[in-house]
Number of protein chains: 2
Amino acid sequence: MPDQRPHGDNAEARAIAAALRDAIHSGEFNAGDKLPSERVLAATYHAARNTARAAIQELIQEGLVKPEHGRGYFVRERPRWMRFGRLRYTTPMRAVTRHGPFGAEARAQGKTPRVEVRSAERIPADADVAERLGIEPGTDVVRRENWYYADEIPMQIGITYIPWSIAGGTALAKAENLGPRSLYGRLEDLGYTIANIREEITARPATREEAEGLDLPPGVPMIHLWHTGMTAEKQPFEVTNFCMRADYSALDYDMPVDY
Amino acid sequence: MPDQRPHGDNAEARAIAAALRDAIHSGEFNAGDKLPSERVLAATYHAARNTARAAIQELIQEGLVKPEHGRGYFVRERPRWMRFGRLRYTTPMRAVTRHGPFGAEARAQGKTPRVEVRSAERIPADADVAERLGIEPGTDVVRRENWYYADEIPMQIGITYIPWSIAGGTALAKAENLGPRSLYGRLEDLGYTIANIREEITARPATREEAEGLDLPPGVPMIHLWHTGMTAEKQPFEVTNFCMRADYSALDYDMPVDY
DNA sequence: CAGTGGTCTAGACCACTCA
DNA sequence: GAGTGGTCTAGACCACTGT
């Protein structure tokens, strides 16, 4: 039999996906459990393997399920990660920090933070960074790449840029954890206290590289955030490009309208 | 011939996608142009139709291409929409407003705004709304559904909830455009001046319904935003659930860290 | 009517995992 | 080596669009 059937939008695949979604939400499958294989699903629902596969892809896009090549599909754990947009940079938050704002957030959410400094190098600023730092493109900056984990699950990547005129020769230019004082503590020592921020937010599907690094399937939505740290006089001195998986993350801002 | 070939991650589909992407970016195809059909692409690249299709799906996910059933695939226009997170609610912005914050944003970006009030009804608050408004679930609220267009392109959907105790019997409870004074003007008349806001942001793939309403393919990332409007005393009086396509939209916040 | 996207079937080979 | 996901081929019928 070649195909046919009542038809309708993706009806077969959607039905299978819905059944699986229900089974997961009802507790029939718990976090970490293995789902039936594509071939088994196809047989169960009298569908082609392609159709069963399409159904599972839907769940993957929603971040519910994670494929493991050669092993099977597994139900994901879904720790919601909350990023406190303004709060994380406030004075009291900075005071208690050990891993910086991320560490404070993690503790507030009962999770164990770990920050990995992947690299720190001196490079010329590209247009995106230069514009936000208010410097000429090509001017030297320190580029620090950090990976952030909560309970050992990769939550976000942050790439910080600081003008070399500020960070050059300091610990900020070295690829090591900055310890108790963190990035913002160090900057404060240098006379740059964060008093205003600007955050620009977009979202788009994960690239292949992000997917591999953060251990998630390609196509899952990612949140991108350009953070600019500024002094009370609104002089920018630090820019960070954050990248986090959307299905795990939420951003939370509270702020006055006029100030 | 059944299949085989060098293999590699999606190599065939990715190659076709890359070729098309280049052709679009190089100007070989311009906004509005029709791409070669799936069947033509398959023949051109000596691939199966499924594979050509997978390639195009990739471009659709990126928001580069739009399918039209029975007609073909067309290159999208990509107007970037900027949402000014805090600025849009400031006093000066409210003063010049005709279509509310959205109208001000649109004019700032050289676009023509249009707001469509889809409905206004009295309903009991669900948990999400009640929590943010600081009321008991089940308490009556006005639900206003607005659709926002810029140059006639649907940009976002906003569903506003206001306690019935505030909006009952006023123009806010009627399904009509609120005119020059807009929502926030009316609320100010009632003694509720927006002075603080909270915004919670997430992103996830578009549902089927959103996709249809906003004229986009399912699976494209969407930005979701819970906005809460509060008085100077931080009493919440209005909650709006915004939903916008991520490939068109960016959010821009600037704020003081301590206040 | 021919052409296009949307969906589905059936079956192949590859790479990976695990007993 | 059996089983699983990952990718691809080949070809079918549907619904929609245009001529």
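The side chain of B:Arg53 lies closest to C:dG6, out of C:dC8, C:dG6, D:dT9. When each of D:dT9, D:dG5, D:dC13 is scored by its nearest atom to the side-chain atoms of B:Ala47, the top-ranked nucleotide is D:dT9.
Within the structure, a side-chain polar atom (N or O) of B:Ser37 is placed less than 4.0 Å from OP1 or OP2 of C:dT4. The phosphate of C:dT9 has OP1 or OP2 within less than 4.0 Å of a side-chain N or O from A:Thr51.
As rounded to whole Å, 15 Å separates atom P of D:dC8 from atom CG of B:Leu41. Rounded to an integer number of Å, the gap from CD of B:Glu38 to C1' of D:dC14 is 14 Å. Whole-Å rounding puts the A:Leu35 CG to D:dT4 P distance at 13 Å. Distance B:Arg39 CZ to D:dT17 P: 16 Å, rounded to the nearest Å. Summarising the geometry, the separation between CZ on A:Arg49 and P on C:dC13 is reported as 13 Å, rounded to the nearest angstrom. Atom CD1 of B:Ile60 and atom C1' of C:dT7 are 14 Å apart (whole Å). One can place CG of B:Asn50 at 13 Å from P of C:dG6, the figure rounded to the nearest angstrom. Residue A:His46 contributes atom NE2, which lies 15 Å from atom C1' of C:dT9 at whole-angstrom precision.
Take A:Glu176 and apply the side-chain hydrogen bond (donor to acceptor under 3.5 Å, both in side chains) test, not counting sequence neighbours, and it matches no residue. Residues meeting the side chain to side chain contact (heavy atoms under 4.5 Å, CB included) test with A:Ala48, sequence neighbours left out: A:Thr51. Partners of B:Arg118 under the side chain to side chain contact (heavy atoms under 4.5 Å, CB included) rule, at least two apart in sequence or in another chain, are B:Glu116, B:Glu145, B:Trp147, B:Tyr149. Take A:Glu199 and apply the side chain to side chain contact (heavy atoms under 4.5 Å, CB included) test, not counting sequence neighbours, and it matches A:Arg83, A:Tyr89, A:Ile197, A:Leu225, A:His227, A:Tyr253. In this view, B:Arg122 and B:Asp140, B:Trp164 satisfy the side chain to side chain contact (heavy atoms under 4.5 Å, CB included) rule, not counting sequence neighbours.
Residue B:Ala13 is classed as a sugar-phosphate contact, given heavy-atom separations below 4.0 Å to backbone atoms only.
Of the residues in residues 68-75 of chain B, those placing a heavy atom less than 4.0 Å from an atom of DNA chain C are B:Glu68, B:His69, B:Gly70, B:Arg71, B:Gly72, B:Tyr73, in numerical order.
Residues B:Gly63 and B:Arg76 approach most closely at O-CD, 3.1 Å, considering heavy atoms.
Within 6.0 Å of CD on A:Glu121 lie more than 12 heavy atoms contributed by other residues, nucleotides or ligands.
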